[in-house]
Amino acid sequence: AAPLGLITLAAMLPNDWDIRLVNRNTEELTDADLEWADIVMTGGMLAQQVDTLELIELCHARGKPVVVGGPDPTSSPEMYVTADFRVLGEVEGIIGEFLAAWRAGERSGCFTAPKFTIDVTQSPIPRFDLLKFEQYLYVGVQYSRGCPFQCEFCDIIELYGRVPRAKTTPQILAELETLYQLGYRGHVDFVDDNLIGNKKALKLFLPELASWLKARDYPFEFSTEASINMADDDELLGMLRQANFFTVFVGIESPDPKTLVHTKKKQNTRRNLADSVHKIYRAGMFVTAGFIVGFDSEEVSMADAMADFIEESAIPVCMVGLLYALPNTQLTRRLEAAGRLHPGHDVAPPGLSDQCTATLNFDTLRPLSEILRDYRRILERVYDPVAFADRLDRLAGMLDRSGRPRDLPAGDKRLKASLGMVHEIISRLPEARQPFWETFVKCGKANPAALRYIVMLMAFYLHLGPFARKVIATIDAKLAELEAPAYVEAG
(Lines give C-alpha, C1' and ligand atoms only; values in the text may rest on other atoms or scores of the structure.)
Protein backbone atom coordinates (compact mmCIF):
# COMPACT_ATOMS: atom_id res chain seq x y z
CA ALA A 1 0.00 0.00 0.00
CA ALA A 2 1.18 3.50 -0.77
CA PRO A 3 2.02 5.67 2.31
CA LEU A 4 -1.01 7.97 2.26
CA GLY A 5 -0.13 9.62 5.57
CA LEU A 6 3.29 10.77 4.42
CA ILE A 7 2.12 12.11 1.06
CA THR A 8 -0.74 13.96 2.79
CA LEU A 9 1.80 15.53 5.16
CA ALA A 10 3.98 16.42 2.17
CA ALA A 11 1.10 18.38 0.67
CA MET A 12 1.00 20.61 3.78
CA LEU A 13 4.66 21.58 3.67
CA PRO A 14 5.82 24.90 2.14
CA ASN A 15 5.92 25.03 -1.65
CA ASP A 16 9.56 26.06 -1.63
CA TRP A 17 10.66 22.94 0.27
CA ASP A 18 12.21 20.17 -1.80
CA ILE A 19 10.70 16.86 -0.73
CA ARG A 20 12.01 13.34 -1.29
CA LEU A 21 9.83 10.37 -0.36
CA VAL A 22 11.60 7.19 0.71
CA ASN A 23 9.39 4.20 1.47
CA ARG A 24 11.17 1.84 3.85
CA ASN A 25 8.89 -1.02 2.74
CA THR A 26 9.94 -0.84 -0.89
CA GLU A 27 13.35 0.81 -1.12
CA GLU A 28 16.51 1.56 0.82
CA LEU A 29 17.21 4.77 2.69
CA THR A 30 20.70 5.63 1.42
CA ASP A 31 23.52 7.73 2.83
CA ALA A 32 22.95 10.03 -0.15
CA ASP A 33 19.34 10.57 0.91
CA LEU A 34 20.41 11.59 4.40
CA GLU A 35 23.23 13.77 3.12
CA TRP A 36 20.72 15.58 0.88
CA ALA A 37 18.17 16.20 3.65
CA ASP A 38 17.93 19.08 6.11
CA ILE A 39 15.21 17.33 8.11
CA VAL A 40 13.64 13.86 8.21
CA MET A 41 9.90 13.47 8.86
CA THR A 42 8.41 10.08 9.57
CA GLY A 43 6.09 8.10 11.83
CA GLY A 44 3.20 5.71 11.50
CA MET A 45 1.32 2.99 13.29
CA LEU A 46 2.42 0.57 16.01
CA ALA A 47 3.77 -1.79 13.35
CA GLN A 48 6.29 0.90 12.33
CA GLN A 49 7.44 1.67 15.88
CA VAL A 50 10.58 -0.46 15.90
CA ASP A 51 11.73 0.85 12.53
CA THR A 52 10.93 4.46 13.40
CA LEU A 53 13.03 4.30 16.57
CA GLU A 54 15.91 2.80 14.61
CA LEU A 55 15.52 5.54 12.01
CA ILE A 56 15.78 8.25 14.67
CA GLU A 57 19.11 6.81 15.81
CA LEU A 58 20.34 6.53 12.22
CA CYS A 59 19.49 10.16 11.48
CA HIS A 60 20.99 11.48 14.71
CA ALA A 61 24.23 9.64 13.96
CA ARG A 62 24.42 11.79 10.82
CA GLY A 63 23.35 15.00 12.54
CA LYS A 64 19.87 15.17 11.03
CA PRO A 65 16.86 16.35 13.08
CA VAL A 66 13.82 14.06 13.06
CA VAL A 67 10.09 14.84 13.24
CA VAL A 68 7.69 12.01 14.15
CA GLY A 69 3.91 11.90 13.98
CA GLY A 70 1.03 9.61 13.21
CA PRO A 71 -1.13 7.21 15.22
CA ASP A 72 1.56 5.51 17.32
CA PRO A 73 3.43 8.64 18.41
CA THR A 74 0.05 10.18 19.22
CA SER A 75 -1.00 7.16 21.29
CA SER A 76 2.40 6.59 22.94
CA PRO A 77 4.37 9.88 22.78
CA GLU A 78 6.65 8.69 25.59
CA MET A 79 8.08 6.07 23.23
CA TYR A 80 9.42 8.81 20.94
CA VAL A 81 11.19 11.18 23.33
CA THR A 82 14.42 10.80 21.36
CA ALA A 83 12.85 12.51 18.33
CA ASP A 84 13.63 16.19 17.96
CA PHE A 85 10.01 17.07 17.25
CA ARG A 86 6.76 15.24 18.01
CA VAL A 87 3.74 16.40 16.01
CA LEU A 88 0.79 14.65 17.63
CA GLY A 89 -2.80 14.26 16.52
CA GLU A 90 -4.28 15.13 13.14
CA VAL A 91 -1.61 17.05 11.32
CA GLU A 92 -3.94 19.61 9.71
CA GLY A 93 -4.56 21.05 13.17
CA ILE A 94 -0.95 21.55 14.21
CA ILE A 95 1.38 21.70 11.20
CA GLY A 96 1.25 25.51 11.15
CA GLU A 97 2.61 25.75 14.69
CA PHE A 98 5.43 23.35 13.89
CA LEU A 99 6.41 25.25 10.74
CA ALA A 100 6.37 28.57 12.60
CA ALA A 101 8.64 27.14 15.29
CA TRP A 102 11.02 25.73 12.68
CA ARG A 103 11.22 29.07 10.86
CA ALA A 104 11.86 30.80 14.20
CA GLY A 105 14.94 28.61 14.68
CA GLU A 106 13.56 26.14 17.22
CA ARG A 107 15.07 22.68 16.79
CA SER A 108 12.99 20.67 19.23
CA GLY A 109 9.46 20.64 20.60
CA CYS A 110 6.16 18.85 20.98
CA PHE A 111 3.02 20.07 19.19
CA THR A 112 -0.40 18.54 19.89
CA ALA A 113 -3.52 19.11 17.79
CA PRO A 114 -6.93 19.51 19.45
CA LYS A 115 -8.82 16.22 19.36
CA PHE A 116 -11.74 15.53 17.03
CA THR A 117 -12.11 19.13 15.85
CA ILE A 118 -10.17 19.08 12.57
CA ASP A 119 -12.16 20.10 9.51
CA VAL A 120 -11.16 17.46 6.95
CA THR A 121 -12.62 19.58 4.17
CA GLN A 122 -9.46 21.67 4.58
CA SER A 123 -7.16 18.70 4.00
CA PRO A 124 -5.14 19.12 0.77
CA ILE A 125 -4.84 16.76 -2.17
CA PRO A 126 -2.07 14.30 -1.23
CA ARG A 127 1.19 14.48 -3.18
CA PHE A 128 0.45 11.45 -5.33
CA ASP A 129 3.18 12.70 -7.70
CA LEU A 130 5.78 11.63 -5.12
CA LEU A 131 4.77 7.96 -5.44
CA LYS A 132 6.53 5.43 -7.63
CA PHE A 133 3.34 3.70 -8.73
CA GLU A 134 5.16 0.58 -9.90
CA GLN A 135 6.03 -0.20 -6.27
CA TYR A 136 2.43 -0.59 -5.13
CA LEU A 137 -0.46 -2.99 -5.49
CA TYR A 138 -2.86 -0.15 -4.80
CA VAL A 139 -3.10 3.50 -3.84
CA GLY A 140 -5.28 4.88 -1.04
CA VAL A 141 -7.56 7.87 -0.59
CA GLN A 142 -9.38 8.91 2.57
CA TYR A 143 -13.01 10.06 2.49
CA SER A 144 -13.78 10.30 6.22
CA ARG A 145 -12.32 9.94 9.70
CA GLY A 146 -13.94 8.50 12.79
CA CYS A 147 -16.38 5.70 13.59
CA PRO A 148 -19.73 5.86 15.43
CA PHE A 149 -19.20 2.60 17.31
CA GLN A 150 -17.24 1.94 20.51
CA CYS A 151 -15.47 -1.41 20.20
CA GLU A 152 -13.43 -1.85 23.36
CA PHE A 153 -10.21 -3.00 21.69
CA CYS A 154 -10.15 -0.36 18.93
CA ASP A 155 -8.08 2.82 18.98
CA ILE A 156 -9.79 4.53 16.04
CA ILE A 157 -12.39 6.23 18.24
CA GLU A 158 -9.58 7.37 20.57
CA LEU A 159 -7.63 8.91 17.69
CA TYR A 160 -10.43 10.27 15.48
CA GLY A 161 -13.59 10.30 17.59
CA ARG A 162 -17.06 8.81 17.23
CA VAL A 163 -18.50 11.51 14.97
CA PRO A 164 -17.30 10.73 11.44
CA ARG A 165 -16.09 13.76 9.50
CA ALA A 166 -16.30 13.52 5.71
CA LYS A 167 -14.64 15.39 2.88
CA THR A 168 -16.78 17.13 0.29
CA THR A 169 -17.67 15.41 -2.97
CA PRO A 170 -15.69 17.90 -5.12
CA GLN A 171 -12.73 17.46 -2.80
CA ILE A 172 -12.51 13.66 -3.04
CA LEU A 173 -13.24 13.69 -6.78
CA ALA A 174 -10.35 16.14 -7.19
CA GLU A 175 -8.08 13.63 -5.47
CA LEU A 176 -9.21 10.88 -7.82
CA GLU A 177 -8.85 13.20 -10.82
CA THR A 178 -5.26 13.90 -9.78
CA LEU A 179 -4.53 10.16 -9.71
CA TYR A 180 -6.23 9.77 -13.08
CA GLN A 181 -4.23 12.60 -14.69
CA LEU A 182 -0.99 11.11 -13.32
CA GLY A 183 -1.78 7.98 -15.32
CA TYR A 184 -2.60 5.67 -12.45
CA ARG A 185 -5.12 2.92 -13.23
CA GLY A 186 -6.51 0.07 -11.19
CA HIS A 187 -7.13 -0.59 -7.51
CA VAL A 188 -7.84 2.39 -5.21
CA ASP A 189 -8.55 1.76 -1.53
CA PHE A 190 -10.77 4.03 0.53
CA VAL A 191 -8.73 3.73 3.73
CA ASP A 192 -11.54 4.91 6.02
CA ASP A 193 -11.84 2.78 9.14
CA ASN A 194 -15.58 2.69 8.51
CA LEU A 195 -16.65 4.09 5.16
CA ILE A 196 -20.33 3.97 6.12
CA GLY A 197 -19.85 5.83 9.42
CA ASN A 198 -21.63 8.84 7.93
CA LYS A 199 -24.12 7.16 5.61
CA LYS A 200 -26.02 10.35 4.84
CA ALA A 201 -22.93 12.02 3.38
CA LEU A 202 -21.80 8.82 1.68
CA LYS A 203 -25.11 8.38 -0.12
CA LEU A 204 -24.76 11.86 -1.57
CA PHE A 205 -21.21 11.11 -2.70
CA LEU A 206 -21.54 7.63 -4.25
CA PRO A 207 -23.80 8.57 -7.21
CA GLU A 208 -21.37 11.37 -8.09
CA LEU A 209 -18.49 8.90 -7.90
CA ALA A 210 -20.36 6.49 -10.19
CA SER A 211 -20.92 9.25 -12.75
CA TRP A 212 -17.27 10.29 -12.57
CA LEU A 213 -16.15 6.70 -13.21
CA LYS A 214 -18.52 6.17 -16.12
CA ALA A 215 -17.38 9.38 -17.82
CA ARG A 216 -13.78 8.10 -17.73
CA ASP A 217 -14.53 4.49 -18.69
CA TYR A 218 -13.95 3.09 -15.21
CA PRO A 219 -10.23 3.72 -14.60
CA PHE A 220 -10.47 2.56 -10.96
CA GLU A 221 -12.17 -0.09 -8.89
CA PHE A 222 -12.43 0.34 -5.17
CA SER A 223 -12.00 -1.46 -1.88
CA THR A 224 -12.74 -0.24 1.61
CA GLU A 225 -13.48 -1.16 5.23
CA ALA A 226 -16.95 -0.95 6.73
CA SER A 227 -19.10 -2.35 9.52
CA ILE A 228 -21.30 -5.38 8.85
CA ASN A 229 -24.49 -3.35 9.18
CA MET A 230 -23.87 -2.18 5.62
CA ALA A 231 -25.75 -5.37 4.69
CA ASP A 232 -28.93 -3.89 6.20
CA ASP A 233 -29.16 -1.13 3.59
CA ASP A 234 -30.15 -2.33 0.10
CA GLU A 235 -29.94 1.17 -1.33
CA LEU A 236 -26.40 1.61 -0.04
CA LEU A 237 -25.30 -1.77 -1.42
CA GLY A 238 -26.69 -0.79 -4.81
CA MET A 239 -24.80 2.49 -4.72
CA LEU A 240 -21.53 0.73 -3.86
CA ARG A 241 -22.15 -1.64 -6.77
CA GLN A 242 -22.67 1.26 -9.17
CA ALA A 243 -19.53 2.97 -7.84
CA ASN A 244 -17.43 -0.10 -8.71
CA PHE A 245 -16.52 -1.32 -5.23
CA PHE A 246 -15.29 -4.89 -5.49
CA THR A 247 -14.31 -5.83 -1.93
CA VAL A 248 -14.82 -4.73 1.67
CA PHE A 249 -12.99 -5.62 4.87
CA VAL A 250 -15.33 -6.27 7.79
CA GLY A 251 -14.38 -6.69 11.44
CA ILE A 252 -16.36 -9.71 12.57
CA GLU A 253 -14.03 -10.61 15.48
CA SER A 254 -16.09 -13.51 16.85
CA PRO A 255 -19.22 -15.49 15.97
CA ASP A 256 -20.12 -15.61 19.68
CA PRO A 257 -22.81 -13.03 20.61
CA LYS A 258 -21.63 -13.00 24.24
CA THR A 259 -18.13 -12.03 23.15
CA LEU A 260 -19.45 -9.34 20.81
CA VAL A 261 -21.47 -7.77 23.62
CA HIS A 262 -18.54 -8.05 26.03
CA THR A 263 -16.23 -6.19 23.66
CA LYS A 264 -18.92 -3.59 22.83
CA LYS A 265 -19.29 -4.64 19.21
CA LYS A 266 -23.06 -4.71 19.40
CA GLN A 267 -23.52 -3.78 15.73
CA ASN A 268 -22.55 -7.41 14.97
CA THR A 269 -25.28 -8.83 17.20
CA ARG A 270 -29.01 -9.26 16.52
CA ARG A 271 -28.24 -10.66 13.08
CA ASN A 272 -27.17 -13.79 11.25
CA LEU A 273 -23.60 -12.81 10.42
CA ALA A 274 -23.19 -15.38 7.65
CA ASP A 275 -26.37 -14.18 5.94
CA SER A 276 -25.09 -10.60 6.12
CA VAL A 277 -21.83 -11.63 4.45
CA HIS A 278 -23.70 -13.50 1.73
CA LYS A 279 -25.84 -10.44 1.04
CA ILE A 280 -22.69 -8.40 0.40
CA TYR A 281 -21.56 -11.12 -2.03
CA ARG A 282 -24.84 -10.81 -3.91
CA ALA A 283 -24.14 -7.08 -4.24
CA GLY A 284 -20.97 -7.96 -6.13
CA MET A 285 -18.35 -7.43 -3.41
CA PHE A 286 -16.32 -10.16 -1.76
CA VAL A 287 -15.60 -9.89 1.95
CA THR A 288 -12.31 -10.20 3.77
CA ALA A 289 -12.70 -10.26 7.53
CA GLY A 290 -10.92 -9.81 10.84
CA PHE A 291 -11.23 -12.31 13.70
CA ILE A 292 -9.70 -12.15 17.17
CA VAL A 293 -8.82 -14.91 19.63
CA GLY A 294 -8.27 -14.24 23.34
CA PHE A 295 -11.25 -12.26 24.63
CA ASP A 296 -12.07 -12.55 28.34
CA SER A 297 -15.51 -13.92 27.52
CA GLU A 298 -14.06 -17.06 25.94
CA GLU A 299 -14.77 -19.43 28.80
CA VAL A 300 -14.27 -22.62 26.79
CA SER A 301 -12.62 -23.58 23.52
CA MET A 302 -14.07 -21.61 20.61
CA ALA A 303 -11.76 -22.82 17.82
CA ASP A 304 -14.22 -25.01 15.98
CA ALA A 305 -17.06 -22.50 16.40
CA MET A 306 -14.96 -19.80 14.73
CA ALA A 307 -13.67 -22.08 11.98
CA ASP A 308 -17.19 -23.40 11.38
CA PHE A 309 -18.46 -19.84 11.00
CA ILE A 310 -15.70 -18.98 8.52
CA GLU A 311 -16.69 -22.03 6.49
CA GLU A 312 -20.41 -21.23 6.68
CA SER A 313 -19.90 -17.64 5.57
CA ALA A 314 -17.44 -18.67 2.81
CA ILE A 315 -14.92 -15.93 3.61
CA PRO A 316 -11.67 -17.05 1.95
CA VAL A 317 -9.29 -14.44 3.41
CA CYS A 318 -9.60 -14.27 7.18
CA MET A 319 -7.21 -12.16 9.23
CA VAL A 320 -7.23 -14.19 12.43
CA GLY A 321 -5.11 -12.57 15.12
CA LEU A 322 -4.46 -12.76 18.84
CA LEU A 323 -5.98 -10.01 20.97
CA TYR A 324 -3.49 -7.22 21.61
CA ALA A 325 -4.18 -4.39 24.02
CA LEU A 326 -3.40 -1.28 22.01
CA PRO A 327 -2.31 1.91 23.79
CA ASN A 328 -5.10 4.29 24.83
CA THR A 329 -8.05 1.99 24.31
CA GLN A 330 -10.91 1.09 26.63
CA LEU A 331 -9.49 -2.43 26.76
CA THR A 332 -6.06 -1.26 27.86
CA ARG A 333 -7.51 1.02 30.52
CA ARG A 334 -9.64 -1.82 31.89
CA LEU A 335 -6.74 -4.26 31.97
CA GLU A 336 -4.46 -1.66 33.55
CA ALA A 337 -6.99 -1.00 36.31
CA ALA A 338 -7.09 -4.74 36.99
CA GLY A 339 -3.29 -5.02 37.05
CA ARG A 340 -3.28 -7.42 34.11
CA LEU A 341 -1.08 -5.62 31.57
CA HIS A 342 2.38 -7.03 30.99
CA PRO A 343 5.43 -4.82 31.64
CA GLY A 344 6.33 -3.04 28.41
CA HIS A 345 2.87 -3.74 27.00
CA ASP A 346 3.06 -0.63 24.82
CA VAL A 347 6.49 -1.47 23.39
CA ALA A 348 6.12 -3.05 19.97
CA PRO A 349 7.95 -6.38 19.69
CA PRO A 350 9.74 -6.80 16.35
CA GLY A 351 7.16 -9.28 15.08
CA LEU A 352 4.06 -7.29 16.03
CA SER A 353 3.28 -6.31 12.47
CA ASP A 354 1.77 -9.74 11.88
CA GLN A 355 -0.27 -9.65 15.15
CA CYS A 356 -0.05 -13.43 15.14
CA THR A 357 3.30 -14.47 16.57
CA ALA A 358 3.71 -11.71 19.17
CA THR A 359 1.23 -13.46 21.53
CA LEU A 360 -0.94 -11.50 23.99
CA ASN A 361 0.41 -8.61 26.06
CA PHE A 362 -1.75 -9.14 29.14
CA ASP A 363 -2.65 -11.83 31.66
CA THR A 364 -5.50 -13.87 30.20
CA LEU A 365 -8.43 -15.28 32.18
CA ARG A 366 -8.29 -18.56 30.31
CA PRO A 367 -4.98 -20.43 30.41
CA LEU A 368 -2.75 -19.02 27.68
CA SER A 369 -2.00 -22.51 26.40
CA GLU A 370 -5.72 -23.07 25.72
CA ILE A 371 -5.97 -19.81 23.78
CA LEU A 372 -2.91 -20.67 21.71
CA ARG A 373 -4.25 -24.15 20.98
CA ASP A 374 -7.52 -22.58 19.81
CA TYR A 375 -5.60 -20.20 17.60
CA ARG A 376 -3.51 -23.00 16.15
CA ARG A 377 -6.61 -25.08 15.43
CA ILE A 378 -8.34 -22.22 13.59
CA LEU A 379 -5.34 -21.53 11.36
CA GLU A 380 -4.88 -25.23 10.67
CA ARG A 381 -8.48 -25.60 9.52
CA VAL A 382 -8.98 -22.30 7.73
CA TYR A 383 -5.76 -22.35 5.71
CA ASP A 384 -5.87 -25.96 4.68
CA PRO A 385 -5.70 -25.68 0.85
CA VAL A 386 -8.75 -27.87 0.30
CA ALA A 387 -10.82 -25.83 2.76
CA PHE A 388 -9.60 -22.57 1.21
CA ALA A 389 -10.50 -23.75 -2.30
CA ASP A 390 -13.91 -24.93 -1.10
CA ARG A 391 -14.67 -21.46 0.28
CA LEU A 392 -13.61 -19.99 -3.06
CA ASP A 393 -16.04 -22.35 -4.81
CA ARG A 394 -18.93 -21.23 -2.67
CA LEU A 395 -17.98 -17.57 -2.96
CA ALA A 396 -17.91 -17.92 -6.76
CA GLY A 397 -21.43 -19.29 -6.60
CA MET A 398 -22.71 -16.20 -4.77
CA LEU A 399 -20.59 -13.32 -6.14
CA ASP A 400 -22.86 -11.41 -8.50
CA ARG A 401 -20.68 -9.38 -10.85
CA SER A 402 -23.44 -8.67 -13.37
CA GLY A 403 -23.60 -5.12 -14.65
CA ARG A 404 -19.94 -4.44 -13.83
CA PRO A 405 -17.04 -3.68 -16.20
CA ARG A 406 -15.71 -7.08 -17.30
CA ASP A 407 -12.15 -5.97 -18.04
CA LEU A 408 -9.46 -4.20 -16.10
CA PRO A 409 -8.56 -0.75 -17.45
CA ALA A 410 -5.58 -0.40 -19.75
CA GLY A 411 -2.51 0.28 -17.62
CA ASP A 412 -3.71 -1.75 -14.62
CA LYS A 413 -0.69 -3.93 -13.88
CA ARG A 414 -2.90 -6.55 -12.24
CA LEU A 415 -4.01 -7.61 -15.74
CA LYS A 416 -0.58 -8.97 -16.64
CA ALA A 417 0.04 -10.35 -13.18
CA SER A 418 -3.19 -12.31 -13.06
CA LEU A 419 -2.48 -14.20 -16.28
CA GLY A 420 0.34 -16.22 -14.77
CA MET A 421 -0.94 -16.40 -11.23
CA VAL A 422 -2.68 -19.77 -11.34
CA HIS A 423 0.40 -21.40 -12.85
CA GLU A 424 2.60 -19.89 -10.14
CA ILE A 425 0.34 -21.16 -7.38
CA ILE A 426 0.33 -24.62 -8.87
CA SER A 427 4.11 -24.69 -9.28
CA ARG A 428 5.03 -23.17 -5.92
CA LEU A 429 2.46 -24.88 -3.69
CA PRO A 430 1.96 -28.50 -4.83
CA GLU A 431 -0.53 -29.16 -2.03
CA ALA A 432 -2.85 -26.56 -3.57
CA ARG A 433 -2.48 -27.78 -7.13
CA GLN A 434 -5.53 -29.99 -7.53
CA PRO A 435 -8.12 -28.11 -5.44
CA PHE A 436 -7.16 -24.72 -6.87
CA TRP A 437 -7.17 -25.94 -10.47
CA GLU A 438 -10.60 -27.48 -9.99
CA THR A 439 -11.88 -24.23 -8.50
CA PHE A 440 -10.43 -22.23 -11.39
CA VAL A 441 -12.09 -24.42 -14.01
CA LYS A 442 -15.42 -24.55 -12.18
CA CYS A 443 -15.60 -20.77 -11.77
CA GLY A 444 -14.57 -20.22 -15.39
CA LYS A 445 -17.54 -22.26 -16.52
CA ALA A 446 -20.18 -21.19 -13.99
CA ASN A 447 -19.34 -17.55 -13.22
CA PRO A 448 -16.66 -16.17 -15.58
CA ALA A 449 -17.38 -12.60 -14.46
CA ALA A 450 -16.04 -13.52 -11.02
CA LEU A 451 -12.98 -15.41 -12.25
CA ARG A 452 -10.36 -12.69 -11.89
CA TYR A 453 -11.41 -12.10 -8.28
CA ILE A 454 -11.20 -15.80 -7.51
CA VAL A 455 -7.71 -15.79 -9.05
CA MET A 456 -6.84 -12.74 -6.94
CA LEU A 457 -7.90 -14.58 -3.79
CA MET A 458 -5.93 -17.64 -4.90
CA ALA A 459 -2.91 -15.36 -5.17
CA PHE A 460 -3.39 -14.34 -1.54
CA TYR A 461 -2.87 -17.98 -0.64
CA LEU A 462 0.71 -17.77 -1.94
CA HIS A 463 1.30 -15.77 1.23
CA LEU A 464 -1.42 -16.98 3.56
CA GLY A 465 -0.77 -20.71 3.23
CA PRO A 466 2.97 -20.59 4.05
CA PHE A 467 2.45 -17.83 6.62
CA ALA A 468 -0.20 -19.82 8.46
CA ARG A 469 2.23 -22.73 8.68
CA LYS A 470 4.94 -20.38 9.97
CA VAL A 471 2.60 -19.06 12.68
CA ILE A 472 1.57 -22.60 13.65
CA ALA A 473 5.24 -23.51 14.08
CA THR A 474 5.76 -20.43 16.27
CA ILE A 475 2.70 -21.31 18.37
CA ASP A 476 3.98 -24.88 18.75
CA ALA A 477 7.28 -23.56 20.07
CA LYS A 478 5.47 -21.27 22.51
CA LEU A 479 3.26 -24.15 23.72
CA ALA A 480 6.32 -26.33 24.25
CA GLU A 481 7.84 -23.54 26.32
CA LEU A 482 4.67 -23.08 28.40
CA GLU A 483 4.21 -26.78 29.01
CA ALA A 484 7.82 -27.69 29.70
CA PRO A 485 8.21 -29.29 33.15
CA ALA A 486 9.73 -27.05 35.79
CA TYR A 487 12.60 -28.37 37.88
CA VAL A 488 13.74 -27.14 41.28
CA GLU A 489 17.24 -27.92 42.44
CA ALA A 490 17.86 -28.37 46.15
CA GLY A 491 21.28 -27.45 47.48
Side-chain angles (χ1 to χ4, degrees), residues 1 45-47 71 140 147-160 189-197 223-231 245 247-257 259-269 271 273-274 276-278 280-281 285-298 302-303 305-326 329-331 352-361 371 374-375 377-379 381-383 388 391 395 457 460-461 463-464 467-468 471:
M45 301 183 187
L46 186 58
C147 178
F149 300 115
Q150 50 182 343
C151 306
E152 184 191 41
F153 55 85
C154 185
D155 61 353
I156 296 305
I157 55 176
E158 311 291 339
L159 291 165
Y160 304 115
D189 183 50
F190 277 79
V191 305
D192 304 43
D193 296 288
N194 189 354
L195 183 70
I196 71 166
S223 62
T224 194
E225 178 174 349
S227 45
I228 192 67
N229 58 307
M230 68 184 292
F245 280 78
T247 184
V248 58
F249 176 86
V250 175
I252 291 177
E253 322 315 351
S254 174
D256 175 29
T259 293
L260 294 172
V261 171
H262 171 79
T263 196
K264 300 183 181 179
K265 201 172 182 78
K266 295 182 181 180
Q267 67 270 25
N268 284 22
T269 63
R271 68 176 59 248
L273 284 166
S276 295
V277 171
H278 296 166
I280 296 170
Y281 291 165
M285 295 169 282
F286 68 82
V287 171
T288 61
F291 295 87
I292 298 175
V293 182
F295 289 113
D296 283 351
S297 54
E298 297 168 2
M302 40 65 65
M306 184 173 287
D308 288 346
F309 169 79
I310 290 169
E311 294 300 329
E312 178 189 4
S313 56
I315 303 173
V317 175
C318 306
M319 295 175 57
V320 187
L322 293 166
L323 182 61
Y324 198 90
L326 294 170
T329 58
Q330 299 170 77
L331 171 64
L352 178 67
S353 58
D354 62 50
Q355 203 138 351
C356 300
T357 57
T359 195
L360 299 89
N361 61 345
I371 294 172
D374 269 2
Y375 187 46
R377 171 68 173 159
I378 296 165
L379 294 179
R381 282 191 56 185
V382 167
Y383 287 111
F388 191 90
R391 295 199 301 278
L395 167 61
L457 292 165
F460 285 12
Y461 194 81
H463 166 72
L464 293 169
F467 182 68
V471 174

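Rounding to the nearest 0.5 Å places CD of E253 at 11.0 Å from OG1 of T259. To the nearest 0.5 Å, atoms CG (D256) and CE (M302) are separated by 8.0 Å. Between the NZ atom of K266 and the CD atom of Q150 there is a distance of 7.5 Å, given to the nearest 0.5 Å. One distance of note links OG1 of T329 with CD1 of I156; it measures 11.5 Å at 0.5 Å rounding. To the nearest 0.5 Å, the span separating CZ on F153 from CG on L331 amounts to 9.0 Å. Considering CG of D193 and CZ of F149, their distance stands at 13.0 Å, rounded to 0.5 Å.
Partner of P316 under the side-chain contact (heavy atoms from CB on, under 4.5 Å) criterion, out of L464, L395, I310, T288: L395 alone. L322 pairs with exactly one of L360, D374, I292 by the side-chain contact (heavy atoms from CB on, under 4.5 Å) rule, that one being L360.
Of all heavy-atom pairs spanning V248 and A226, the tightest one is CG2-N, 3.7 Å. Residue M306 comes nearest to F291 through the heavy atom pair SD-CB, 3.8 Å, listed as atom of the first residue, atom of the second, then distance. For the residue pair L273 and P255, the shortest heavy atom distance occurs at CD1-CA, 4.3 Å. What you find for H278 and S313 is that their closest heavy atoms are NE2-O, 3.3 Å. Of all heavy-atom pairs between I280 and A231, the closest is CG1-CB, 4.2 Å. In terms of heavy-atom proximity, A303 sits nearest to I378 at O-CG1, 3.6 Å.
E298 places a side-chain N or O within 3.5 Å of a backbone atom of G294 that can act as its donor or acceptor partner. A donor-acceptor pair under 3.5 Å is formed between the side chain of R391 and the backbone N or O of V382. The main-chain N or O of V320 is found under 3.5 Å from a side-chain atom of Y375 such that the two form a donor-acceptor pair. No donor-acceptor distance shorter than 3.5 angstrom exists from the side chain of N361 to the backbone of Y324, with no hydrogens or angles considered. Counting only distance, with no hydrogens or angles, the side chain of T247 and the backbone of F286 share a donor-acceptor pair below 3.5 Å. Here the side chain of N268 pairs a donor or acceptor atom with the backbone of I252 at under 3.5 angstrom.
Here the side chains of E158 and Q330 are in contact, with some heavy-atom distance below 4.5 Å. At least one side-chain heavy atom of C318 sits under 4.5 Å from a side-chain heavy atom of Y383. With contacts defined as side-chain heavy-atom distances shorter than 4.5 Å, the pair F467/V471 qualifies.
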ask   = Could you go step by step and tell me if V277 and V250 meet the side-chain contact (heavy atoms from CB on, under 4.5 Å) rule?
value = CA-CA 9 Å; V277 171; V250 175; over 6 Å; no

Discussion item. Applying side-chain contact (heavy atoms from CB on, under 4.5 Å) to L195 and F249, what does each step give before you reach the verdict?
Written reply: CA-CA 10 Å; L195 183 70; F249 176 86; over 6 Å; no

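Using a 3.5 Å distance cut-off with no hydrogens or angles, the side chains of S227 and N229 do pair a donor with an acceptor. Residues S223 and D189 have side chains that bring a donor and an acceptor to within less than 3.5 angstrom of each other.
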